[in-house]
Amino acid sequence: MIQTPVALVDCNNFYVSCERLFNPALHNRPVVVLSNNDGCVIARSNEAKELGIKMGAPVFEVRDLLKKNQVEVWSSNYTLYASLSQRVMTTLEMFAPEVEVYSIDEAFLWLPGFSPAELDAQAVRIRQKVGQWTGIPVSIGLAPTKTLAKLANRQSKKNPLYKEKGIFNITGYSRAQLDELLASVRVEDIWGIGARRAAFLQQHGIDTAYDLKEAPDRWVQKHLTVMGLRTVYELRGIPSFPAELAAPPKKTIVTSRGFGRDIESFEELSEAVATYVSRLAEKLRAQHSVASVLEVFIHTSHFAKGRERYANAVTMRLPQPTAYTPELVAHARRGLEAIYRPGFKYQKAGVMVMGLVPETGRQLNLFGEGEGDPATLERNRKLMAAVDGLNRQMGRGTVRIATAGTTEAWGMRRGKLSPRYTTRWDELLAI
DNA sequence: TCTGGGGTCCTAGGACCC
DNA sequence: TCTGGGGTCCTAGGACCC
């Protein structure tokens, strides 16, 4: 059987590239993009990486470094990134019959019928076309398995000989060539091997991808579970992680956020929770699911020293599965009442749903609790569809439940937010 | 003063059943 | 005093990913 080669296409420094697209002054300069609440660095341009700014670094720790080097600092703008991501993915879909959108900035492409040399040429065309149509630079790794494609992709960025080309192709490698490459890759740089496993493996003399490839199956399975064993097979060139071409519906959905400032009052906390529930219910309806279990959690800062900490969560089984915002909000409020303690400075809250089932397949509760009879159910469904439609067209939060409040005084800090160039005409025209 | 958010999978252990 | 064994379901915790 002939194996189908896999390409991993990865957008370079994606969030930074998005910001640069609409702000050419950011080219050839160190740029970072921050997490929610402007807390951590979550994307860096190559220039910023060279300054030694680490991924995930808290802003207050690198503030001097940023200032001294006149680094451009931007708040994250997910609306913009999601929109550009879609354009990139649509472009990629022209080039392969099978595409797995793996994350906001990465996709696996299966490219049957190409020789190793032809794959190279095809990868050049993909890069060129994505660049032309979206302006986003990408790197491409080509290999017989997903794990090796990730590894090859990494080489295309790290290896100075390939950096300019942005393509690294190991589909034509001999066994000896592949072994040599794997021996140069540290075990912590393998997809699926995190810091904990890497430290463990190093203690057992396994330092490189080559060492791991050669480790005995039984030992690997015992210590790294079956997932670790699959990673090892993939290093050996045996595909063990199948293509996931259609995203399966989510099994859990979470909406949580740290506050822009600490919250003490129940009412403000309740407003935040209602806002998060509304957003969560939208996500639920977008995948045509209803939830049977709802969890609410709150906590004070993990980091604040000298202040008393408090964290609690409550999990509720709902009378019947639902995606109806008012009902979810009412349950969440009751849950919050159960765990709220006055006198603490809360830093974060969140809501989560589990036990998701398809909207069409749900069991009706015959005893009139919750949303009740089929006619009410249908009316509520239509109401939510109308609300979702309006919010899609007019912008998130145009129509909202009253308990969510209107001020969001506790909302995120986003001091350096770029306009939503691709989704809001008014913001594009304002620049 | 200031430290993100949203997911998945696997395993062990307890509850419960026959 | 000795005190089965196997199956299922659920949950909590750990590890990983971007």
Side-chain angles (χ1 to χ4, degrees), chain A residues 8 10-11 13-15 32-43 53-64 66-67 73 75-78 81-82 85 100-108 146-147 150 153-154 187-201 220-231 240-242 244 247-262 276 279-280 283-284 287 292-293 295 297 299-307 313 315 317 345 347-356 411-416:
Chain A
L8 178 71
D10 179 310
C11 301
N13 312 327
F14 182 52
Y15 298 168
V32 298
V33 174
L34 307 182
S35 64
N36 283 338
N37 276 321
D38 295 345
C40 301
V41 173
I42 55 166
I53 300 165
K54 296 272 180 283
M55 179 68 178
V59 172
F60 70 91
E61 278 181 17
V62 292
R63 181 147 287 152
D64 290 346
L66 297 173
K67 195 158 190 178
V73 178
S75 304
S76 44
N77 185 345
Y78 286 100
Y81 310 151
S85 172
E100 173 182 338
V101 177
Y102 177 66
S103 74
I104 194 164
D105 67 338
E106 282 174 59
F108 291 102
K146 289 167 86 173
T147 302
K150 288 282 282 188
N153 182 278
R154 199 168 174 282
V187 81
E188 65 262 38
D189 294 329
I190 301 168
W191 187 44
I193 305 297
R196 299 297 291 266
R197 292 213 206 291
F200 171 82
L201 289 169
V220 171
Q221 171 150 9
K222 181 173 174 204
H223 292 105
L224 306 186
T225 82
V226 296
M227 298 295 277
L229 185 57
R230 284 194 215 160
T231 296
S240 305
F241 295 118
E244 291 177 21
K250 294 190 186 355
K251 298 169 177 175
T252 62
I253 298 176
V254 181
T255 300
S256 75
R257 221 155 255 93
F259 309 127
R261 58 165 171 78
D262 289 340
Y276 300 166
R279 178 72 195 111
L280 176 139
K283 297 184 201 169
L284 203 48
Q287 69 161 23
S292 46
V293 176
E295 180 172 307
F297 61 89
H299 61 76
T300 56
S301 170
H302 297 312
F303 299 100
K305 295 191 187 82
R307 281 205 313 225
T315 308
R317 179 159 286 277
K345 292 183 187 305
Q347 181 264 331
K348 182 173 179 171
V351 288
M352 173 157 66
V353 281
M354 293 154 284
L356 307 193
M412 269 194 282
R413 283 188 297 273
R414 295 208 282 182
K416 291 278 290 176

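In the text below, chain A, chain B and the rest are named by the order of the sequence lines, each starting its count at 1. Computed over heavy atoms, backbone and side chain alike; hydrogens, waters and symmetry mates excluded.
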Side-chain donor/acceptor of A/Ser76 to backbone N/O of A/Val33, under 3.5 Å: no
message: Quick check: on DNA chain B, is the nucleotide nearest A/Lys250 upstream (toward 5') of the one nearest A/Tyr78, or the reverse? Name the residue that is more 5'.
response: A/Tyr78
- prompt: Base, sugar-phosphate, or nothing for A/Ile253, non-hydrogen atoms under 4.0 angstrom?
  reply: sugar-phosphate
message: Expressed as a whole number of angstroms, how long is the span from A/Lys348:NZ to B/dT3:P?
response: 11 Å
message: I'd like the C1' distance from C/dG4 over to B/dC16, given in whole Å.
response: 16 Å
message: Within the 4.0 Å heavy-atom criterion, would you say A/Thr255 contacts the bases, only the backbone, or no part of the nucleic acid?
response: sugar-phosphate
- prompt: Whole-Å distance between B/dG4 C1' and A/Phe259 CZ?
  reply: 14 Å
- prompt: B/dG4 P sits how many Å from A/Tyr276 OH, rounded?
  reply: 13 Å
- request: Using Watson-Crick or G-U wobble pairs with both distances under 3.5 Å, give me DNA chain B in dot-bracket, 5' to 3', with [ ] for crossers and | for pairs to another strand.
  value: ....||||||||||||||
message: Is there a side-chain contact between A/Gln347 and A/Thr300 in this structure, where contact means two heavy atoms from C-beta onward sitting under 4.5 Å apart?
response: no
- prompt: Hey, does the side chain of A/Thr225 reach the backbone of A/Met227 with a donor-acceptor pair shorter than 3.5 angstrom?
  reply: yes
- prompt: Between B/dG4 atom P and A/Tyr15 atom OH, what is the distance in whole Å?
  reply: 15 Å
message: Rounding to an integer number of Å, can you tell me how far A/Met412 CE sits from B/dG5 P?
response: 8 Å
query: What integer distance in Å separates A/Leu224:CG from B/dC10:P?
result: 14 Å
task: Could you check if a side-chain atom of A/Leu34 sits within less than 4.5 angstrom of a side-chain atom of A/Val41, using non-hydrogen atoms only?
output: yes
field: Residue A/Arg230, side-chain heavy atoms: nucleotide from B/dG7, B/dG5, B/dC10 that is nearest
entry: B/dC10
message: Counting only side-chain heavy atoms from C-beta out, which of B/dG5, B/dG4, B/dT3 sits nearest to A/Arg413?
response: B/dT3
query: Just checking A/Lys222: base, sugar-phosphate only, or nothing, at a heavy-atom cut-off of under 4.0 Å?
result: nothing
task: Identify whether a stacking contact exists between A/Phe303 and B/dT3, where the ring centres must be under 5.5 Å apart and the planes under 30° apart.
output: yes
- line: Of A/Ser256 and A/Met227, the one whose nearest nucleotide on DNA chain B sits closer to the 5' end is A/Ser256
field: Residue A/Arg261 excluded, over 12 heavy atoms near CZ under 6.0 Å
entry: yes
field: Euclidean distance, atom CD1 of residue A/Ile42 to atom C1' of B/dC2 [Å, nearest integer]
entry: 16 Å
query: Which part of the nucleic acid does A/Val254 contact within heavy-atom distance under 4.0 Å: base, sugar-phosphate only, or nothing?
result: sugar-phosphate
message: Using a 3.5 Å distance criterion without hydrogens, assess whether the side chain of A/Asn37 forms a donor-acceptor pair with backbone atoms of A/Arg413.
response: yes
query: Given B/dT3, B/dG4, B/dG7, which nucleotide is nearest the side-chain atoms of A/Asn36?
result: B/dG4
- prompt: Under 3.5 Å, side chain of A/Ser85 to main-chain N/O of A/Ile104, donor-acceptor pair present?
  reply: yes
query: Any side-chain heavy-atom pair from A/Arg197 and A/Leu224 closer than 4.5 angstrom?
result: yes
task: For the residue pair A/Leu8 and A/Glu106, establish whether any side-chain heavy-atom pair is separated by less than 4.5 Å.
output: yes
field: Phosphate OP1/OP2 of B/dG4: any A/Ser76 side-chain N/O under 4.0 Å
entry: no
- prompt: A/Asn36 side chain to A/Arg257 main-chain N or O, any donor-acceptor pair under 3.5 Å?
  reply: no
- request: Report the residues that fulfil salt bridge (charged side-chain N to carboxylate O under 4.0 Å, His left out) with A/Arg154, sequence neighbours left out, ordered by chain and then residue number.
  value: A/Asp189
task: At under 4.0 Å between heavy atoms, which parts of nucleotides 12-18 of chain C does protein reach? Answer with one letter per nucleotide, 5' to 3': B base, S sugar-phosphate only, - none.
output: ---SSSS
- prompt: Can you tell me how far P of B/dT11 sits from NE2 of A/His223, to the nearest Å?
  reply: 13 Å
- prompt: Just to confirm, is there a sub-4.0 Å distance from OP1 or OP2 of B/dT1 to any side-chain nitrogen or oxygen of A/Arg63?
  reply: no
